[in-house]
Every structure is written in structure tokens, then in C-alpha cells.
Number of protein chains: 2
Amino acid sequence: MARAPRRGPYICGIDAALDVVSGKWKGLILWELDTHGVRRFAELRRALPGVSEKMLTQHLREMEEDGLVHREVYAEVPPRVEYSLTGHGRTLNQALVPLGAWGTQRARREGFAAVEVAGDAGG
Amino acid sequence: MARAPRRGPYICGIDAALDVVSGKWKGLILWELDTHGVRRFAELRRALPGVSEKMLTQHLREMEEDGLVHREVYAEVPPRVEYSLTGHGRTLNQALVPLGAWGTQRARREGFAAVEVAGDAGG
DNA sequence: CGGTATCCTACACGATACTG
DNA sequence: CAGTATCGTGTAGGATACCG
């Protein structure tokens, strides 16, 4: 059970980017880490209401493997693991800003509840 | 079997936007229609190598319902149906440009084959 | 605290056949 | 040409239990 992302070959850039952000919680993880800089596992869990440990771990591992997320493990008791974005993770986030704004506009137009989360580009 | 997209409530704008572009061929359909302006069913089919009629129809219907695509039916024999982007479809495409560029860069970095398709932002 | 392991379900996607 | 109908499959995602 290693990888969800296909890792190419891709038909176009959108295809390649979507391969890396698809996953129910990845967008949120990106925003959360971008906003707070560094987050612990339990903090991310609280920030993503409804996520299971399994999915959070799995997404985090895939994003780490995709070079988006850095995982820092501290040899302490109780254990502490801190997650943060890599440079590529931050540039991806930048690239997602217009899309986030579009989505927020659309949700507003359609009358859907788009709960504002810290860092949301749509204001 | 009507809808794949959830139509909210969404957690943030990215969530809302991703709900509308997720689907194996939707990104490509967007690019194809944006590039050519108007495309017939069979033309789209040829532009998306490997897509089945079922998936193409399904994606097109969902995108129509999401207000992204306009479907024009001509009462002729043989039948003719033309697809084009709505205003919202075009703004979505604009919002996807940076993401496409990011994906192209990434594919290049990682050495994956990112086949250039007409309209690709990274090209 | 920060995970793994196991089992299960829903559904996105695909293949094939048929129709106005 | 532009679909619809039906069936089959892979896998993303979820529930629960256990571990260092």
C-alpha cells in the first residue's frame, strides 16, 4: 500500500498537479501547514474535522514522498512529530491561490456554505 | 446516476473548486474547449485518447450542470451537438493556469513525461 | 502521542452492447 | 453521430482495534 499518486506519464501540467493534490484532505493539509508553518499530527487532526488517523497518515506520507511536506521526528517521550511545507509545497500552495479564490466565488454564487478556513484565498 | 460532485458544503475554496475539476478527464475537456472554442462530441473523444463514451458523456453532463459547459444541440440528421465553455468555465480555466504551470515544472523536474497538449500553460 | 494493521464499503472508471 | 444501458473492477476512503 505505498502510493496513490500515479507519478506520470501525464497528459498535461494540470494532470500532473491534480495527481498530487487529489486526495480528500490534501488541499486542507496544504493550507493548514502554509498558514501555521509547523503543525503536529494531533493539531492537523483537529484542523481536519472528520479525518481518520489512517487517512491523515497516508496523505502525509504521500505528500512527503511527493516532496511537498517535511516530516521532523523528535526522539522524545511522549513522541513529537512536526510537519511543515517544503519549498515545493509552498510554490504549489501559491499556484492554488487563484483556484481557491474561484472556488470561494463559486460557492458564494451558488449559495453553498464555504466555511472559511485560516489562509483561504477567497477572504 | 446523476451527480458525482458533492455540491457542498465545502471546507474552503480549494475544496469547492476541486469538487468541480476532479474527474479523470475534466481538466483536459476544459483545455480542449478553451483552446478550440467549440468542439463536437466526436472531436472531444479523439482529443481524449482512451476515454469511453460513457465517461465523456457523464463528465460533460456534470460540467454542464456545474455551469462550466454549454451544450448546443442541432436538430439535424445526422445529429450534431456542440460543446463550448461558459463564462464560468473560462474563469475556471484561468484559475487553473498557475497550477498547470506548477505541474509542468514538477513533471520536468522529476523527469516524468508531461506530454504537451494544446493550451498547456507550462509549455 | 503518533502511529499500524485489518477489514469493509462506496463509487469512479472501464468494457461491451444497443439505439434514435 | 451522439449517445444510453448494463455489468464488472480497482481503489480511495472509512471504522475499528491494537502498538511503541
Side-chain angles (χ1 to χ4, degrees), chain A residues 1-7 10-11 15 18-29 32-33 36 38-66 69-84, chain B residues 1-7 10-11 15 18-29 32-33 36 38-66 69-84:
Chain A
M1 167 264 294
R3 312 216 66 270
R6 321 195 314 262
R7 287 189 169 279
Y10 301 113
I11 300 177
D15 193 19
L18 250 23
D19 187 30
V20 147
V21 274
S22 61
K24 192 167 181 179
W25 309 95
K26 289 190 181 175
L28 274 306
I29 294 173
E32 186 68 16
L33 291 181
H36 296 275
V38 175
R39 292 265 94 173
R40 299 181 58 170
F41 187 86
E43 291 175 325
L44 286 172
R45 196 142 100 87
R46 275 187 294 269
L48 277 46
V51 74
S52 64
E53 291 103 335
K54 175 195 161 188
M55 285 315 298
L56 183 53
T57 303
Q58 185 177 312
H59 280 160
L60 251 9
R61 289 283 134 74
E62 288 173 5
M63 294 170 79
E64 192 188 356
E65 195 171 343
D66 284 331
V69 161
H70 174 69
R71 180 169 179 262
E72 189 74 41
V73 183
Y74 296 88
E76 303 175 357
V77 177
R80 178 163 58 110
V81 179
E82 290 184 346
Y83 293 92
S84 56
Chain B
M1 168 259 297
R3 310 216 69 273
R6 320 196 313 262
R7 287 188 167 278
Y10 301 113
I11 301 178
D15 193 18
L18 250 24
D19 186 31
V20 148
V21 274
S22 60
K24 191 168 182 179
W25 309 94
K26 290 191 180 176
L28 273 307
I29 294 174
E32 186 67 14
L33 291 182
H36 296 274
V38 174
R39 293 265 93 174
R40 298 182 58 171
F41 188 85
E43 292 174 326
L44 286 170
R45 197 143 100 85
R46 276 187 292 271
L48 277 46
V51 74
S52 64
E53 291 103 335
K54 174 194 160 186
M55 287 313 299
L56 183 53
T57 303
Q58 185 177 314
H59 281 161
L60 250 10
R61 290 283 134 73
E62 289 172 3
M63 294 169 78
E64 191 188 355
E65 195 171 343
D66 284 331
V69 162
H70 174 69
R71 181 169 180 262
E72 188 75 41
V73 183
Y74 297 88
E76 302 176 356
V77 177
R80 178 164 57 111
V81 178
E82 291 184 345
Y83 293 93
S84 56

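Since this is a predicted model, take the numbers as computed values, not measurements. By convention in this document, chain letters (A, B, ...) are assigned in the order of the sequence lines, proteins followed by strands, and residues within each chain are numbered from 1.
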Requested in this report: Can you tell me the distance, in whole Å, between the CG atom of A/Leu44 and the P atom of C/dG2?
Outcome: 10 Å
Report task. Can you see which heavy atom on B/His59 is nearest to which on B/Gly23, and at what distance? Result -> NE2-CA, 3.8 Å
**Report entry** d(CZ, A/Arg39; P, C/dC1) in whole Å
**Finding:** 14 Å
**Report entry** Those residues that, when tested against A/Val77, pass side-chain contact (heavy atoms from CB on, under 4.5 Å) (two or more places apart)
**Finding:** none
Report task. Please name the residue in the list B/Glu64, B/Gln58, B/Glu65 that meets the side chain to side chain contact (heavy atoms under 4.5 Å, CB included) test with B/Glu62. Result -> B/Gln58
Requested in this report: Return no unless some side-chain N or O of A/Arg46 is found under 4.0 Å from OP1 or OP2 of C/dG2.
Outcome: no
Query raised in the report: B/Arg80 CZ to D/dC1 P: how many Å, rounded?
Result: 13 Å
Query raised in the report: Among all residues two or more places apart in sequence or in another chain, which pass the side-chain contact (heavy atoms from CB on, under 4.5 Å) test with B/Arg46?
Result: B/Ala42, B/Glu43
Query raised in the report: Taking only N and O in the side chain of B/Arg45, is any of them less than 4.0 Å away from OP1 or OP2 of D/dA2?
Result: no
Requested in this report: Using the side chain to side chain contact (heavy atoms under 4.5 Å, CB included) rule, pick out the option among A/Leu56, A/Val51, A/Leu60 that qualifies with A/Trp25.
Outcome: A/Val51
Query raised in the report: Given atom CD of B/Glu64 and atom P of D/dA2, what is their separation to the nearest angstrom?
Result: 15 Å
Give each protein N/O atom lying under 3.5 Å from an N/O atom of nucleotides 13-20 of chain C, with the pair distance.
from, atom 1, to, atom 2, distance (Å)
C/dC13, OP1, B/Lys24, N, 2.9
C/dC13, OP2, B/His59, NE2, 3.3
C/dC13, N4, B/Lys54, NZ, 3.2
C/dG14, OP1, B/Lys24, NZ, 2.6
C/dG14, OP2, B/Trp25, NE1, 3.4
C/dG14, N7, B/Lys54, NZ, 3.3
C/dG14, O6, B/Lys54, NZ, 2.2

Query raised in the report: Which whole-number value in Å describes the distance from B/Leu56 CG to D/dA2 C1'?
Result: 10 Å
Query raised in the report: Rounding to a whole Å, what distance do you find between A/Glu62:CD and D/dT11:P?
Result: 13 Å
Query - Whole-Å distance separating the CD atom of B/Glu82 from the P atom of D/dG3 - result: 12 Å
Query raised in the report: Counting just side-chain N and O atoms, does B/Arg71 come under 4.0 Å of either OP1 or OP2 of D/dG3?
Result: yes
Query raised in the report: Quick one: side chain to side chain donor-acceptor pair (under 3.5 Å) partners of A/Glu82, sequence neighbours excluded?
Result: A/Tyr74, A/Arg80
Report summary line: Residues at least two apart in sequence or cross-chain that pass side-chain contact (heavy atoms from CB on, under 4.5 Å) with B/Ser22, listed by chain then number, are none
Query raised in the report: Over its full length, what angle do the end axes of the helix from C/dC1-D/dG20 to C/dG20-D/dC1 make, each axis taken from five pairs and the result rounded to 10 degrees?
Result: 50°
Query - side-chain N/O B/Tyr83 vs D/dC1 OP1/OP2, d < 4.0 Å - result: no
Report task. Report the residues that fulfil side-chain contact (heavy atoms from CB on, under 4.5 Å) with B/Val81, sequence neighbours left out, ordered by chain and then residue number. Result -> B/Arg71, B/Val73, B/Tyr83
Requested in this report: Return yes if some donor-acceptor pair links the side-chain N/O of A/Asp19 with the main-chain N/O of A/Asp15 below 3.5 Å, else return no.
Outcome: no
Report summary line: Whole-Å distance, B/Glu72 CD to D/dG3 P, equals 13 Å
Requested in this report: Please determine, for the side chain of B/Arg61, which listed nucleotide (C/dG2, D/dA2, D/dT4) has the closest atom?
Outcome: D/dT4
